[in-house]
Protein chains: 2
Amino acid sequence: MNTYTISEVAKQLNLTVYTLRYYDKEGLLPFVERTSSGIRMFKESDIEALKVIECLKSTGMPIKEIKNFIDWCSDGDSTLQQRYDMFIERKASVEAQMEELKKTLELIDHKCNYYKTALEAGTEDVHKSNKIEIPHS
Amino acid sequence: MNTYTISEVAKQLNLTVYTLRYYDKEGLLPFVERTSSGIRMFKESDIEALKVIECLKSTGMPIKEIKNFIDWCSDGDSTLQQRYDMFIERKASVEAQMEELKKTLELIDHKCNYYKTALEAGTEDVHKSNKIEIPHS
DNA sequence: AAACAAGATAGAGTTAACTCGAAGTCTATC
DNA sequence: GATAGACTTCGAGTTAACTCTATCTTGTTT
């Protein structure tokens, strides 16, 4: 089975070697084996694990919590429930984030229209006077 | 027209007074007026502006860029195009983030199923031996 | 064998976004 | 007018997640 160096993995996952070493230092990569001289050898499965780490990171999970998950993985079957619960919780979190982004997008869309109209009028004033009641004349 | 104190605004927007003062220090709140003794008086429109700031923040925009936007607002109609462009760009960014979250959610769902199966089997091994060919017997 | 790129560690530096402490001022109530 | 509580500024401290520097080792190439 062939392996990859740290810079190859960095390139493949669009990370820096600094970041990968930092992850290792933080205990996120206990599964990465070394040559007798200490050089990291990333297996295919290590890259898959890193993809899971990146996935968790993109849900906003802090590295220390990701480390908990990695520790559970090392602990074997006795932690299956924790790991399941964690992913269920992450799922809920991501769904909440998507809801949040939806609302954000609505406001942004609103602003896009606001500025489109203002640009066409050449001034923001078209919006400002909206709420002032104009007396019959 | 009535106004709000910094702690009232903090409570309403679920921020801390520290955060609001920090925003002010960073130039995000040039529109907030003060009493003669220097106490901030937040108008209704200031709270609306803060909601826009929070919206931009939730798109991942750094505070320094939000400040640019605030500065453009102070500069009046000559910056309408920049502001429009900014919101268009934010829109694209949020849409990209939603796409990203969708992919994340797919992997998470996958993992939820993975661990559900593993839990039912009592061991993760149900997945591990998948790829080993079992000879006819 | 000398050079050189790429690997390693340890630890310092950076950046963003707060978060807080100190010290003083305002304002409302007793 | 004194006390309490909320306000002010200034500047220091915190935290997360890198990011880099210095120094050394390894492995390949000329």
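Per chain, numbering begins at 1; letters A, B, ... match sequence-line order.
- A:Lys103 and A:Glu99 are not joined by a salt bridge, as no carboxylate oxygen comes within less than 4.0 angstrom of a charged side-chain nitrogen.
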(message) Generate the contact string for nucleotides 8-21 of chain D. Rules: B means base contact, S means sugar-phosphate contact only, - means no protein heavy atom under 4.0 Å.
(response) BB-B----SBBBBB
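- Side-chain contact, B:Gln81 with A:Tyr115: no donor N or O sits under 3.5 Å from an acceptor N or O.
- Residues forming a ring pair (Phe, Tyr, Trp, His ring centres under 6.0 Å) with B:Tyr114 (at least two apart in sequence, or on another chain): B:His127.
- For residues 79-88 of chain B, the set of pairs meeting the salt bridge (charged side-chain N to carboxylate O under 4.0 Å, His left out) definition, not counting sequence neighbours, comprises A:Glu124-B:Arg83.
- OP1 or OP2 of D:dA6 has not a single side-chain nitrogen or oxygen of B:Thr5 nearer than 4.0 Å.
- With sequence neighbours excluded, the residues that form a side chain to side chain donor-acceptor pair (under 3.5 Å) with B:Asp71 are B:Lys67.
- For the segment residues 43-51 of chain B, the set of residues with a heavy atom within less than 4.0 Å of an atom of DNA chain C is empty.
- A:Glu26 places its CD atom 14 Å from the P atom of C:dT9, with the value rounded to the nearest Å.
- Ion pairing of A:Glu54 with A:Lys57 is present here, as a side-chain N (NZ or NE/NH1/NH2) and a carboxylate O approach within less than 4.0 Å.
- By the 30° and 60° cut-offs, the orientation of the rings of B:Phe87 relative to B:Phe69 is perpendicular.
- Remark: B:Lys11 engages no residue in a salt bridge (charged side-chain N to carboxylate O under 4.0 Å, His left out) (not counting sequence neighbours).
- Here the C1' atom of nucleotide C:dC20 and the CG atom of B:Leu15 are 17 Å apart, to the nearest Å.
- Note: OH (B:Tyr4) to C1' (D:dA6) measures 19 Å, nearest angstrom.
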